[in-house]
Colleague: 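For reference, the structure I am asking about is given below.
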Amino acid sequence: ATWLASALGAENPIPNLAMRVESYNVDQPNYASGLKVSQVNDLVRALAPDGVQLSNVARQQVNALLAQTAQCPEAALSPFWQRSEESRIRAGEMVEQQLDALFDFMAPTNEMIDLRAHYGITSANDARSTPGAQAALAAQALKGGVSRVVSVQLANNLDTHYEDWADDQGPRQMEGFNAISRLIEDLETSPYGDTGDNWMDHTTIVVFSEFQRGALINAGGGRDHSLTNACMVMGAGIEGGQIIGRSSDIGMDPTPMNLTTGQWDPAGEIVKPEHVIQTLMTDIGIEGDPADLRVDPIGALLK
């Protein structure tokens with residue numbers, strides 16, 4: 001997400017938004033760092049003006065003083081100070097846009113009534129961090145111009161090494177898949193300006209987990225971690241309706257595939273997360289290998 005946000009630029013108020021998902025930035029611009037929130041209310045508090053407001057004159061004086069201080073010789077030589085000043089200015093611009101209204105899911109407006117019905121939000125508790133609320137946050141952030149890169153966690157508590165996996169895995173994953181489905185429906189039915197396109201025509205969705213469950217039952221009656229994983233990629237730029245790659249018939253291990261055809265190929269490559277990321281970078285027009293992934297994109301995935 002940080003690499004993609006860096007490549008897409010700093011025009012949006014929050015170039016990289018992460019809800020209940022880890023975010024890292026080692027060597028990318030400061031604006032690409034993810035704004036991490038644990039629930040929708042956290043984002044509303046970040047976007048809304050504080051309860052106590054300075055007068056316009058006082059605010060202008062404070063801003064002028066801070067800007068002047070940032071130009072002093074000591075501050076001008078400090079990269080940290082300059083990044084802090086840039087962040088202060090952007091934060092002020094963000095708050096002035098009153099974007100918090102986009103995420104006030106319990107507001108009594110017709111728009112929010114429809115949103116709650118679509119995403120299954122029936123109470124203030126549902127509006128905080130349920131899969132439906134997170135999917136709604138992603139849609140509102142994209143359509144409202146708040147962010148171009150949004151990461152959300154639509155299923156959790158999947159670490160089931162014991163027999164509880166049989167009862168818990170299905171419902172928890174289904175709740176996440178339902179949230180993804182509602183997100184896609186929202187984007188598909190939302191016009192993209194006056195272009196005749198919808199928002200799904202301009203959005204790429206990647207669904208993945210940090211590890212996979214093995215196909216075999218362990219001694220505790222549950223399922224352990226596995227080297228073989230899968231992800232779903234859909235939306236703008238993606239050639240959908242296909243299954244790319246496969247696992248082995250014995251052991252369910254990863255097998256090599258041809259990146260161009262998407263078919264099993266003993267002379268091909270074992271697909272890793274880096275291949276998927278490189279595919280996304282290629283999809284938005286990034287040439288070369290700026291993220292130092294050292295792999296080729298999956299050509300079979302791209303239109």
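Source: prediction; values computed, not measured.
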Colleague: Is there a side-chain contact between Val40 and Arg128 in this structure, where contact means two heavy atoms from C-beta onward sitting under 4.5 Å apart?
Modeller: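 No; the side chains remain at least 4.5 Å from each other.
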Colleague: Does Glu85 come within less than 4.0 Å of Arg88, counting only side-chain N to carboxylate O?
Modeller: yes
Colleague: If you define the side chain from C-beta out and look only at heavy atoms, does anything of Met19 sit under 4.5 Å from Ser129?
Modeller: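 Side chain of Met19 against side chain of Ser129, heavy atoms only: contact under 4.5 Å found.
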Colleague: Are Leu115 and Ile113 connected into the same hydrophobic cluster when the rule is that any two of I, L, V, M, F, W, Y join if their side-chain heavy atoms are below 4.5 Å apart?
Modeller: no
Colleague: For Gln98, look at atom CD and say whether over 12 heavy atoms of other residues, nucleotides or ligands are found less than 6.0 Å away.
Modeller: no
Colleague: If we ignore angles and hydrogens, is there a donor and acceptor under 3.5 Å between the side chains of Tyr119 and Asp126?
Modeller: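 The answer is no; no qualifying pair exists.
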Colleague: So do Asn229 and Ser209 actually touch side chain to side chain, heavy atoms under 4.5 Å?
Modeller: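 Ser209 reaches Asn229 side chain to side chain.
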Colleague: Please tell me if the side chains of Leu47 and Ile14 come closer than 4.5 Å, counting only heavy atoms from C-beta onward.
Modeller: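 A side-chain contact exists here, since the closest heavy-atom pair is under 4.5 Å.
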Colleague: Can you name the nearest heavy-atom pair linking Ile270 to His275, along with the distance?
Modeller: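 Of all heavy-atom pairs spanning Ile270 and His275, the closest is O-CE1, 3.4 Å.
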Colleague: How far apart are the C-alpha atoms of Glu175 and Asn178, what are their side-chain angles, what is the distance that settles it, and do they pass the side chain to side chain contact (heavy atoms under 4.5 Å, CB included) test?
Modeller: CA-CA 5 Å; Glu175 188 177 19; Asn178 285 341; 5.7 Å; no
Colleague: Is Trp199 reachable from Val233 through a run of I, L, V, M, F, W or Y residues, each pair having side-chain heavy atoms under 4.5 Å apart?
Modeller: no
Colleague: For Gln242 and Ala300, indicate whether the former's side chain and the latter's backbone hold a donor-acceptor pair under 3.5 Å.
Modeller: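 Between the backbone of Ala300 and the side chain of Gln242 there is a qualifying donor-acceptor contact (under 3.5 Å).
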Colleague: Could you tell me whether Asp159 and Arg223 make a salt bridge, using a distance below 4.0 angstrom between a side-chain N and a carboxylate O?
Modeller: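 Between Arg223 and Asp159 there is no salt bridge, as every charged N stays at least 4.0 Å from the carboxylate O atoms.
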Colleague: Would you compute the distance between atom CH2 of Trp165 and atom CZ of Arg213 and round it to the nearest 0.5 angstrom?
Modeller: 10.5 Å
Colleague: Over all heavy atoms of both residues, which pair between Phe103 and Leu137 is shortest? Give the atoms and the distance, please.
Modeller: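 Residues Phe103 and Leu137, closest heavy atoms: CE2-O, 3.6 Å.
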Colleague: Checking Gln153 against Asn156 for the side-chain hydrogen bond (donor to acceptor under 3.5 Å, both in side chains) test, could you report, in this order, the C-alpha distance in whole Å, the side-chain angles of both residues, the deciding distance, and whether it holds?
Modeller: CA-CA 7 Å; Gln153 181 193 83; Asn156 54 23; 3.2 Å; yes
Colleague: Any side-chain heavy atom of Arg172 sitting closer than 4.5 Å to one from Leu158?
Modeller: yes
Colleague: Charged N to carboxylate O under 4.0 angstrom, Asp186 versus Lys143?
Modeller: yes
Colleague: Just wondering, are more than 12 heavy atoms of other shown residues or ligands nearer than 6.0 Å to CE in Met174?
Modeller: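 At most 12 heavy atoms, drawn from other residues, nucleotides or ligands, come within 6.0 Å of this atom.
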Colleague: To the nearest 0.5 Å, what is the distance between CG (Leu66) and CD (Gln71)?
Modeller: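 The CD atom of Gln71 is 11.5 Å from CG of Leu66, to the nearest 0.5 Å.
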Colleague: Just to verify, what does Lys272 make a salt bridge (Lys or Arg N to Asp or Glu O under 4.0 Å) with, not counting sequence neighbours?
Modeller: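 Expected list: none.
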Colleague: Evaluate Ile244 against Val271 for side chain to side chain contact (heavy atoms under 4.5 Å, CB included), listing each step before the verdict.
Modeller: CA-CA 10 Å; Ile244 293 178; Val271 174; 5.8 Å; no
Colleague: Going through the checks in order, is the side chain to side chain contact (heavy atoms under 4.5 Å, CB included) test met by Leu280 and Ile284?
Modeller: CA-CA 7 Å; Leu280 299 175; Ile284 62 175; over 6 Å; no
Colleague: Let me confirm one number: the CZ-OG distance from Arg83 to Ser78, rounded to the nearest 0.5 Å.
Modeller: 7.5 Å
Colleague: Would a distance-only check, ignoring hydrogens and angles, find a side-chain to backbone donor-acceptor pair under 3.5 Å from Thr195 to Asp197?
Modeller: yes
Colleague: Ignoring hydrogens and angles, state whether a donor on the side chain of Thr228 or Gln212 is under 3.5 Å from an acceptor on the partner side chain.
Modeller: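 There is no such pair between these side chains.
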Colleague: Under 3.5 Å, side-chain donor or acceptor atoms of residues 4-11 against the rest of the protein: list the pairs with distances, not counting sequence neighbours.
Modeller:
from : atom 1 : to    : atom 2 : distance (Å)
Ser6 : OG     : Gln28 : OE1    : 2.9

Colleague: Between Val44 and Asp104, is there a side-chain heavy-atom distance shorter than 4.5 Å?
Modeller: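 They are not in side-chain contact.
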Colleague: In terms of side-chain geometry, is the basic nitrogen of Asp292 or Arg294 positioned less than 4.0 Å from the acidic oxygen of its partner?
Modeller: yes
Colleague: Would you say the side chain of Leu301 lies within less than 4.5 Å of the side chain of Leu259, judging by non-hydrogen atoms?
Modeller: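 Heavy-atom side-chain distance check fails, nothing below 4.5 Å.
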Colleague: Taking atom CD1 as the centre, does Ile243 end up with more than 12 heavy-atom neighbours from other residues, nucleotides or ligands that are less than 6.0 angstrom away?
Modeller: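 No, CD1 of Ile243 has 12 or fewer neighbouring heavy atoms, counting only those of other groups under 6.0 Å.
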Colleague: If only atom types and distance count, is the side chain of Glu239 paired as donor or acceptor with the main-chain N or O of Leu302 below 3.5 Å?
Modeller: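 No.
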Colleague: Would you give the length of the straight line joining atom CG of Asn41 to atom CG of Asp100, rounded to the nearest 0.5 angstrom?
Modeller: 11.5 Å
Colleague: Answer yes if the side chains of Asn16 and Arg148 hold a donor-acceptor pair under 3.5 Å, and no otherwise.
Modeller: no
Colleague: Quick check: closest heavy atoms across Ala136 and Ile121, and the distance to 0.1 Å?
Modeller: CB-CD1, 4.5 Å
Colleague: Under a 3.5 Å cutoff, is there a donor and acceptor pairing between the side chains of His161 and Asn218?
Modeller: no
Colleague: Is the closest side-chain donor-acceptor distance between Lys36 and Ser23 under 3.5 Å?
Modeller: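 Not at all, the side chains of Lys36 and Ser23 share no donor-acceptor pair under 3.5 Å.
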Colleague: Please report the interatomic distance CZ(Arg246) to CE(Met257), rounded to the nearest 0.5 Å.
Modeller: 12.0 Å
Colleague: With a 3.5 Å cut-off and no angle check, do the side chains of Asp283 and Thr279 form a donor-acceptor pair?
Modeller: no
Colleague: Between Ala75 and Trp81, which heavy-atom pair has the shortest distance, and what is it?
Modeller: CB-CD2, 3.3 Å
Colleague: Atom CG in Leu17, atom CG in Leu142: separation rounded to 0.5 Å?
Modeller: 9.0 Å
Colleague: Under a single-linkage definition using a 4.5 Å side-chain heavy-atom cutoff for Ile, Leu, Val, Met, Phe, Trp and Tyr, are Val149 and Leu43 assigned to the same hydrophobic cluster?
Modeller: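 In one cluster with Val149: Leu43, no.
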Colleague: Just by distance, do the side chain of Asn63 and the backbone of Gln60 share a donor-acceptor pair under 3.5 Å?
Modeller: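 It does not hold such a pair.
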Colleague: Looking only at side-chain N and O atoms, does Asn30 offer a donor or acceptor that is under 3.5 Å from a partner on Ser87?
Modeller: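 Per modelled atom types, Ser87 and Asn30 side chains form a pair under 3.5 Å.
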Colleague: Can you name the residues that form a side-chain hydrogen bond (donor to acceptor under 3.5 Å, both in side chains) with Asp289, not counting sequence neighbours?
Modeller: Gln278
Colleague: Can you tell if the side chain of Tyr192 reaches within under 4.5 Å of the side chain of Asp201, non-hydrogen atoms only?
Modeller: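 No, too far: nothing below the 4.5 Å cut-off.
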Colleague: Would you kindly confirm whether Met112 and Leu102 end up in one hydrophobic cluster when ILVMFWY residues are joined by side chain heavy atoms under 4.5 Å apart?
Modeller: yes
Colleague: Under 4.5 Å between side-chain heavy atoms, counting indirect links through other Ile/Leu/Val/Met/Phe/Trp/Tyr residues: same cluster for Val152 and Phe177 or not?
Modeller: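 Yes, it is one cluster - the side chains of Val152 and Phe177 are joined through contacts under 4.5 Å.
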Colleague: Just wondering, are more than 12 heavy atoms of other shown residues or ligands nearer than 6.0 Å to CG in Asp249?
Modeller: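 No - once you tally the heavy atoms of other residues, nucleotides and ligands closer than 6.0 Å, there are 12 at most.
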Colleague: Could you go through the side chain to side chain contact (heavy atoms under 4.5 Å, CB included) check for Val207 and Met234 one step at a time?
Modeller: CA-CA 9 Å; Val207 185; Met234 64 203 78; 4.0 Å; yes
Colleague: Taking all atoms of both residues into account, what is the closest heavy-atom pair of Pro131 and Ala179, and its distance?
Modeller: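 So the two residues come closest at O-CB, 3.6 Å.
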Colleague: Do you know which two heavy atoms are closest between Gly145 and Pro13, and how far apart they sit?
Modeller: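 Here Gly145 and Pro13 meet closest at O-CD, 3.2 Å.
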